[in-house]
Amino acid sequence: MRAFLVFISGKVQGVGMRYFIRKNALANNISGYAKNLPDSRVEALLIGQEQRINELLRLIKEESPGFVKDVVVKEVEVPEEWLGKFEIL
């Protein structure tokens, strides 16, 4: 199991991006959260199998609502408090 902190920029707030991420995270057994940032980006914590996370990242880049300009991914320690759930903050 791995964890990644993802920052998505572009036209990504007010278009259903967090709900799109949550729906697809749950479908791929990925835990974590998605939240809007004050600088108009969306931050997502994705915890799960790397192959499933990569599929979710592909969906975000290619099929998500709005317009994704950039996706920055940083591996982080697995925060156990987020295991087994996915929340929109």
Side-chain angles (χ1 to χ4, degrees):
M1 182 176 322
R2 298 177 77 181
F4 298 91
L5 198 55
V6 179
F7 297 94
I8 307 152
S9 61
K11 175 68 175 143
V12 295
Q13 290 190 12
V15 295
M17 177 66 72
R18 293 174 299 154
Y19 296 91
F20 175 87
I21 293 170
R22 181 179 186 273
K23 178 182 117 186
N24 287 286
L26 293 173
N28 282 288
N29 200 28
I30 295 170
S31 302
Y33 66 77
K35 69 177 182 178
N36 286 336
L37 295 176
D39 64 3
S40 299
R41 295 180 298 163
V42 168
E43 174 186 314
L45 174 65
L46 307 177
I47 307 165
Q49 294 179 353
E50 186 174 9
Q51 180 180 359
R52 291 179 181 226
I53 291 173
N54 286 337
E55 173 60 15
L56 178 52
L57 291 172
R58 183 194 69 75
L59 290 171
I60 290 169
K61 292 173 186 174
E62 297 176 8
E63 299 182 22
S64 62
F67 169 74
V68 174
K69 180 179 178 184
D70 192 30
V71 177
V72 176
V73 180
K74 176 184 175 187
E75 189 163 11
V76 296
E77 295 283 326
V78 176
E80 293 187 19
E81 66 269 20
W82 288 103
L83 293 176
K85 61 184 176 180
F86 197 97
E87 295 183 11
I88 295 175
L89 303 179

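- With a 6.0 Å radius and a threshold of 12 heavy atoms from other residues, nucleotides or ligands, Glu81 has its CD atom above the threshold.
- With rounding to the nearest 0.5 Å, the separation of NZ in Lys61 from CD1 in Ile8 is 10.0 Å.
- For NZ of Lys23, the number of neighbouring non-hydrogen atoms (other residues, nucleotides, ligands) closer than 6.0 Å is 12 at most.
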Determine, stepwise, if the pair Val71 / Val6 fulfils side-chain contact (heavy atoms from CB on, under 4.5 Å).
-> CA-CA 7 Å; Val71 177; Val6 179; 3.6 Å; yes
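- When all heavy atoms of Leu46 and Ile53 are compared, the pair lying nearest together is O-CD1, 3.7 Å.
- With rounding to the nearest 0.5 Å, the separation of CE in Met17 from CZ in Phe67 is 10.5 Å.
- Ile30 contributes atom CD1, which lies 8.5 Å from atom CG of Asn24 (distance to the nearest 0.5 angstrom).
- For Lys35 and Glu87, the salt-bridge test fails: no basic side-chain N is under 4.0 Å from an acidic carboxylate O.
- How far CG of Leu5 is from CD of Glu43: 4.5 Å, rounded to the nearest 0.5 Å.
- Summarising the geometry, atom NZ belonging to Lys85 is positioned 13.0 Å from atom CG belonging to Leu26; distances are rounded to the nearest 0.5 Å.
- A single hydrophobic cluster is not seen to contain both Leu59 and Phe7; linkage of ILVMFWY side chains at heavy-atom distances under 4.5 Å, directly or through other members, places them apart.
- Around the CD atom of Glu62, the shell of radius 6.0 Å holds more than 12 heavy atoms that belong to other residues, nucleotides or ligands.
- One hydrophobic cluster, built from ILVMFWY side chains closer than 4.5 Å, holds both Ile21 and Val12.
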Residues Phe20, Ser64; criterion side-chain contact (heavy atoms from CB on, under 4.5 Å); working and verdict = CA-CA 7 Å; Phe20 175 87; Ser64 62; 3.5 Å; yes
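- The shortest heavy-atom contact between Ser31 and Gly84 is OG-N, 2.9 Å.
- For Glu75, the CD atom counts as densely surrounded, since its 6.0 Å shell holds more than 12 non-hydrogen atoms of other residues, nucleotides or ligands.
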Val42/Arg18 under side-chain contact (heavy atoms from CB on, under 4.5 Å): CA gap, chis, key distance, verdict = CA-CA 7 Å; Val42 168; Arg18 293 174 299 154; 4.1 Å; yes
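- A continuous path of hydrophobic side-chain contacts links Leu83 to Leu45 [ILVMFWY only; heavy atoms under 4.5 Å].
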Applying side-chain contact (heavy atoms from CB on, under 4.5 Å), run through Val76 and Phe4 and close with a yes or a no.
-> CA-CA 6 Å; Val76 296; Phe4 298 91; 5.9 Å; no
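- The main-chain N or O of Met1 is never found under 3.5 Å from a side-chain atom of Glu50 such that the two would form a donor-acceptor pair.
- We find the OH-CZ distance between Tyr33 and Phe86 to be 9.5 Å, quoted to the nearest 0.5 Å.
- A salt bridge is defined here as a Lys NZ or Arg NE, NH1 or NH2 lying under 4.0 Å from an Asp or Glu carboxylate O, and Glu55 with Arg52 fails to meet this definition.
- The two residues Pro79 and Ala3 come nearest to each other via the heavy atoms CD-CB, 4.1 Å.
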